[in-house]
Amino acid sequence: MKNVLQIVYLIPLIPLIGFLINGLGRKYLSKTLIGLIGCGTVLASFILSIWVFIQVKEGNVHTAHYFNFISVGDLKIPFAFKIDQLSSLFLLIITGVGFLIHVYSTAYMHNEKTDHYGRYFSYLNLFIFSMLLLVMGANYVIMFIGWEGVGLCSYLLIGYWFKNTEYNKAANKAFIMNRIGDLAFLIAIFWIIVRVGGVNFDDVFAVAKGEVQNRRFTPADITIITMLLFIGATGKSAQIPLYTWLPDAMAGPTPVSALIHAATMVTAGIYMIARSNVLYSLSHTTMTVVAIVGLATALLAATIALKQNDIKKVLAYSTVSQLGFMFLALGSGAYVAAVFHVMTHAFFKALLFLGSGSVIHAMGGEQDIRNMGGLSKKLKTTYWTFLIGCIAIAGIPPLSGFFSKDAILISTFNLKFGIVFYVIAGLTALLTAYYMFRLLFVTFNGSFRGTEEQKHHLHESPIAMTLPLIVLAFLSVVGGLVGIPEVLKGNDLIGKFLSPVISPVKHAHDIAHSTEILLMIIISVLVLVVIGFAWARFKNYRHKEETGFGKVLENKWYVDELYEKIIVQPLHNFGGFLKNVIDTKVVDGLVNGAGRVINYGSRQLRLLQSGQVGIYVLLMIVGMVFFFVIQFFIRK
Amino acid sequence: MNALIISAVLGVVMMFSGIVLKQNSAVRSVAFAGIIILLLVNSLEMCGTVLFKVDINNLIAFNRFTLVFNSIAFGATFIYLLLTAEDMEKVGKSYAEYFALVFFVLCGVVLVTSFKSLLILFLGIEIITIPLYILTGSDKRNLRSNEASLKYFLLGSFSTGIMLMGIALIYGHQGNFSTEGVSFLPEGVKPSVLLVAGMLLMLFAMAFKVSAVPFHFWTPDVYDGAPTVFTSFMATIVKAAVFIAFIRLFEDSFGALQSGWQFIVALIIAATLLVGNITAVFQQSVKRMLAYSSISQAGFMLFALFALNTVDAKEGIILYAAAYSLATIGIFAVLNKLGDYSYEGFNGLSKEQPLLAGTAVVFLLSLAGIPLTAGFLSKFYMLKAALGTGKYLWLVIFAVLMAAVSVYYYFRVIQAMYFKDSKAQVPVSASAYYKVGLVLVAFLIILLGVYPEVLLSWLYF
Amino acid sequence: MPVNYYIFLSLALFSIGIVGVLTRRNAIIIFMCIELMLNAVNLLLVAFSKMHHLKALAADAATTAGSDGQLFVFFIMVVAAAEVSVGLAIIVMMYRNVHSVDVNFLNRLKH
Amino acid sequence: MVTQVLFWILSVWAIFSALMVITSKNPVYSVLWLISTFFAISGHYIMLNAQFLAIVNIIVYAGAIMVLFLFVIMLMNMNKESEPQKYKWLKMAGTVAGGCLLLVLVAALKDSDIRNQQALVNEGNIGLIKNLGKELFTTYVVPFEISSVLFLTAMVGAVVIGKKE
Amino acid sequence: MIPVLLIIIPLLAGVITFFFRNDKIVRSWGLLTSLVILALSVYGVSLSGDSSLLTAKADWLQSLGSSFFVRIDGVGKILTLLTAVSFPIIFTGTWNSQYKKPNSFYALMLLGQAGLMGVFVAADALLFYFFWELALIPMYFIASIWGGEKRIRVTFKFFIYTFIGSVLMLVGILILQSKTGNHSFSIQAFNSLQLTNKEQSWLFWLFFVAFAVKMPIFPFHTWQPDTYEQSPSAATMVMSGIMVKMGLLGVIRWVMPIMPGAFHSWGDVAMSMSVIGIVYASLIAIRQDDLKRLIAFSSIAHIGLMNMALFAENLSGVQGVMLQMFNHGINIIGLWIIVEIIERKTGSRRMSELGGLAQKAPSMAIFFVVIALANIALPLTNAFPGEFLMFNSLLTARTTQLYAILFTVFAGLGIILGAVYTLNMIRKTFYGETNAVTAVVSDLSINEKIALSVIVGLIIVIGIYPQFILDITNNFSETLANKRFIPQAIITK
């Protein structure tokens, strides 16, 4: 059945139809029907994606060209989809995880009013559509359409409970920070157009590889383009300096956090860079910058996560940190490792978020872990799946996180001063284990610290919620198997699969296999130690006020406040200055001033008309003398 | 020639009609008949029929330009009478005499547009101004009217003195009073200083008559003080006629010296536009504003003098004369109906008298030079003529900026009429004649603005 | 006589007339000064007329060249007479109303 | 020679009288000085052999017009110094401006191309009534008729202004 | 023939409207007329460029060298289409607005439409100037009669301001005419002029000031927010949606081809003005509390971008502008319709007093969000392809590379700042809890839904397939961009 590639347009189209039906019919459809449509469309896409994946695995890649989106002069931007190894893999992740989260949502959001329920599912479907567009696009413009589209959906979903002003502000923040990155992305696209005359991936990469006559990138071009693209990625994938929106984005419903702000959208930056690996590999500078930013983000977010008390905030910072890891990998040239981590991270982070959703659901909306504790008895499924997620993210073998994280850690040796990167990354991995297990222990162990009412209400979530948890837990366990490195006698399936798209990295500072294995063992042991330490500290958690450095961490290094002080406020004040002073007093003042001058002139000039005949004659005579002088003595 | 004699005769007829006829309406009918006759005989002459064969010894010459303008002047007078003849009753008791004076003025108008000799110019101007002194002062119990009359008289005779000195100097140079004395100047020959000085004095005197700065001082006071019905007359028909005389004089007598006086004329234009427009801005009385606006309009008309001798200037001044006269007569006619000459007097007129307000808008738009009114095209011709000389671009730009200023004060009237609410208006009584007249004027303004060939084609055939 | 003399004499009288207009405030005297200006012009015209006549005589003994200048003076006098009648009428009318002929009282109309 | 002397006498007389016209405080004196000026100017006319104008000037101007003036002044009872001496600066400015105009005009005209031309004195017959009359009723008959219109207007004007309301 | 009808029909219909007395009839008549024009315009657009139906010429003012010469070219197609599409939408969208003397109101609207059509089709400079003024006057009257409290002062300022600009243009037209061989005002004569650099510079500024005021771009913009704020919404829609395009049209038709040298050499200045305006207006928009003023300032930013793209002097820019002229008109009319509804229902335009409208009027919220997102050029809305092309043109603008980059980046700031104020506007107006002011609001009525649906439909359709608009202007833009700039731009120093 090769012809499934002919109908790939259905993959995004079906969710789009779901969006339209749910969006327009939200007042008329029942909740069940809305849920069915919402899930069904994504399921359909998922099935198609599997089908596509099978085809791709057999080596059939395809570029589907539908119509010219924009065609001006020589510049032709087709509306085209590119189905290859990379996109098919992402299709699976998106539709697969997306489907699970849809299912989960039917239960999680069941208390909403019908039209809001419909609105929610239509947004989710629209998101799936946009995300699919992003990964399927055969050129940067289609990718950008998806890119902004997911930003929009993120905005809509963060602000889903629109009565809450704080949530809306968080939504705005997310959108605007994304837009900053988007601008860079756009400029990169324009730069590409200047040099290539088109935006199709194939054309761009061909030029980059020097396969096209008369068209080439200079090294400076490459660096500028890749840097701009990377800035775009920092916005979408929440890297320094544009990461602060992601924790705030937790204002949205928890499944949204799981889907958008953990599993899929935030990995768009990784996808984009992996997609552009041809370009990136040409710019050493950018690669280094990417690696440093990634590592710094990972470390920073991890430290902040240590002291967060909101269950979702911890996960959010963990996401930021993990994304940092992925960028570290990209910067090290280990694109496959990054993609691999995207996949595993999608599993376990979705799992963790959905787990936290289950907890919040059970706690009646409570998110502060200081008010939880001892939930493991009541929420058995949730607890166990959450535990699996924690193990996976902490990187304990043989769960999925171990393999992907290890691939990243090892890749750092490709960099100059690789050992420094390795040590810091390793430290971050330990921190990850620490805060995740702190979260686990504080939430599920010890005694219950909530209200009596909450205690009374505690119950395991319905099957629609636990089933996705179980599936994801399973995937978290086995997901790593596709990427077992050769060191461990695996065959690195994923690396091989992606090799047509991502050329294997030449290891500059190859390290011996034995060292590699030794490092794996060391880090695993250290992780276990850290977990033990966390158990000792948090098995019977009692809240106490943070002081000193802890307080700095709890307040996220005061980065938000800093941004507010050095960017937002000055701009705000400057806008006010322009509005109240420059525009009204200066620019309009000049215009009105011209009028006023004329009016003043009029008032003064009319005094010349004094009413006195003598003065009239005098002025006439003066005028005559003046003109005589001009005529006879000046302009002879 | 027809019009010259008939108008003088009509003046005499009107003089006696006041004695013979007791009813004002009868006098009025005679006047209407007279002006129509005047129009007819002038048309006859345009068709080539000259009723009176008089040996004029090359002192007077009628050409198309003159005849077309005279027709405009008579036509405008007709409309003027249509709109204001009734209101003249309010001025004073000498009803028939006013008409007589109007006809005498028209006689002067014919003279100043057709002179070939400076003597005729001088006589013509005097025949125009002496009746105007009287008409200005005709509201005898009104001190403002008295004052205006005396000011006009003193300043007017002073300017006559200036003009005569100019004529004398020119005579000293050329030995006769013909306007063709210096029709051309050989290359490289410096003009006689006598001639140049005489020319400048003539320039000043004519500038006085057309109220160009700095010889304009009489205008606001006289226009303001004179009875509104007569302000309308002297601000339009008379002024336009003097303009024609001005241009004729400078074309015939001093055309060869154009490069010599062009700069001074440019300065006068700039000053006229500046003072006329800027001063009008702050006026609180619409009547006085219109007086200043007539100064600014004169500034524009002077472009025809500035450009001189081009087709654009010729056609333009004809069109301008028509457009300006019609619009100003119209707006004065509306003003005349309102007791209150302040801007507030116009408040809410659109609700009380939509017809008056609507036509007034047309007049004001035309004065402001908004397209599809005759006012625009006439200004356009002037600018085109000025640009055609290829000199003094700054002057043109200055002129259009000043035109924008003029929009300010003209539109204040529109604002008052349409955008403001009235305080209890004094009821306005308007006869059917009057209304028809207004609509006719508005129609003519738009017609000339859309299709000026209607008028201009008379200049050629 | 050199015609220059006449020119300067006329200009002097003319200017005296102007100064009179400028400095006096009695409307009648102002008017008289204007008459003085007109007379200056008349004198000049006559002088020029004789000058042109002299020039023309050289060619033709029976010429009447220059007579137009004198006729112009005649017309000026005619006009002046008409003007005086009207002007004095206006001044008298003014006087009847305000009992003054001081032009400084003429300041209702201004600005 | 005699004409030279005569010219100077007449000129000084005319200018002096003219100055007295504008400086006399009493309007009646002004009128009388103006008449004196006219006589001086008439003297010039006679010297230039413009007899007709000389006569007319005396009869019409000095005789009729100035008497009219005098009459009006008497009517208004202004035969005394009525002008208050305020606005000195205006008088100064007026004098200066008038002087400037004279200066400028003289400066401009002093080197005119006719400065060496002569005006025919005591001779020439164009100023005689016969010649002028012939011209007036042939070549200038139209202006002559037109001036009648002028007089009509003046007459109507006087009626309008003078009529009692 | 079609261009003549496009002018005549609204003109006559407008004059007739004065005589109607019944409110309903007036409204229906207005809508009917506008629909007829729409049909005619669509037919005109569908014709090929060299169709004789798109041109008409008649003798008029021959002695001046002018004639009644009208022609629908590429840009004319776009703008007549925009005008034709906008009026039915405006009439439908503001069906519920109450006016005293509706007959005068609708008559003036139709006269305004005639004027606008005339501007867009005039191929004779004098005719162009006529319509340029004529389009202004009905709007001035509408704004001054039916406007807000400060209407008289504000609209008068607007009038004088634009009048000053246009008289300068008149001088420019006259100078050009005097340079033509046969003293003609026709656009062909102007196009074939060979002017020196100095002449071009003079002329450029004489024209450009007029257009800059009309658009408006910084620093000629101060009339605009006040006028939009004070005018009745229908007039605001016409002004912001259509009239501002007159300035762009002027640049496209009367500046670019005629003075390419000056167009090039002053391009940096013009672009700088625009880019300053973009950032400036966006920053001010962020601080606005009044919805109308906010949208007004956002419009300044958008128009600034369009102007920049023109001065980039390349095909991408020109085409982007063509597309965006249409889009901007549609979008901003949509915004005004909703703002007008909000104001009518709550009596307030202050965002600080509003809030929670999404609960009371969900449909309105959805429409507003979609249109607002189109306003910030989100992909798959109509503005995206337009802005994409325009930004694309900036980087390859015919200026130094450094300037091109700076222009792109600073203009790009407008995208970010645009998101800031637009999202804030949505948040403060529609989201959050309801309050006393907004509690009474009901959802959209059927006519408003129809109007807004049309707008949203256009937004989406053009967003997905902008090519059908681009195809309309393709030939025109190519001619403009290729034939005129390149050879002529080189003659500058």
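Naming convention: chains lettered A, B, ... in sequence-line order (proteins, then strands); numbering from 1 in each chain.
Aromatic ring centres of B:Phe204 and B:Phe208 lie farther apart than the 6.0 Å criterion allows.
C:Leu44 touches chain B through its side chain: at least one heavy atom from C-beta onward sits under 4.5 Å away, while N, CA, C and O do not. C:Met51 touches chain B through its side chain: at least one heavy atom from C-beta onward sits under 4.5 Å away, while N, CA, C and O do not. Neither the backbone nor the side chain of C:Leu71 comes within less than 4.5 Å of any heavy atom in chain B. For C:Ile34, the part sitting under 4.5 Å from any heavy atom of chain B is the side chain, from C-beta outward, and nothing else. With a 4.5 Å cut-off on non-hydrogen atoms, C:Val103 touches chain B through its side chain but not through its backbone. Interface residue B:Tyr292: only side-chain heavy atoms are found under 4.5 Å from chain C.
Distance CG/C:Leu109 to CD/B:Glu147: 4.0 Å, rounded to 0.5 Å. To the nearest 0.5 angstrom, B:Ser253 atom OG is 6.5 Å from B:Phe115 atom CZ. A distance of 4.0 Å separates NZ in B:Lys287 from OG1 in B:Thr231, rounded to the nearest 0.5 Å.
Heavy-atom pairs under 4.5 Å with chain C peak, among B:Phe217, B:Tyr133, B:Phe158, B:Phe177, at B:Phe177. Counting heavy-atom pairs closer than 4.5 Å to chain B, the top residue among C:Ile91, C:Leu38, C:Ile76 is C:Ile76. Comparing B:Arg141, B:Gln283, B:Arg288 by how many heavy-atom pairs each has under 4.5 Å with chain C, the most go to B:Arg288. Most heavy-atom pairs under 4.5 Å with chain B: of the set C:Phe105, C:Phe75, C:Phe14, this distinction falls to C:Phe14.
Side chains of B:Phe230 and B:Val238 form no contact here, defined as non-hydrogen atoms less than 4.5 Å apart. Between C:Leu11 and B:Met165 there is a side-chain heavy-atom pair separated by less than 4.5 Å.
Counting only residues at least two apart or in different chains, side chain to side chain donor-acceptor pair (under 3.5 Å) contacts with residues 40-55 of chain C comprise C:Ser49-C:Gln70.
At a heavy-atom separation below 4.5 angstrom, chain C is approached by B:Leu119, B:Phe122, B:Leu123, B:Glu126, B:Ile130 within residues 119-132 of chain B.
The minimum heavy-atom distance between B:Phe215 and B:Ala207, with the atom names listed, is CD1-CB, 3.7 Å.
In B:Lys93, the NZ atom is not crowded: 12 or fewer heavy atoms of neighbouring residues, nucleotides or ligands sit closer than 6.0 Å. More than 12 heavy atoms of other residues, nucleotides or ligands lie within 6.0 Å of CZ in C:Phe8, so this atom counts as buried by the packing criterion.
C:Asp68 and B:Tyr171 are linked by a side-chain donor-acceptor pair at a separation below 3.5 angstrom, with hydrogens and angles left out of the test.
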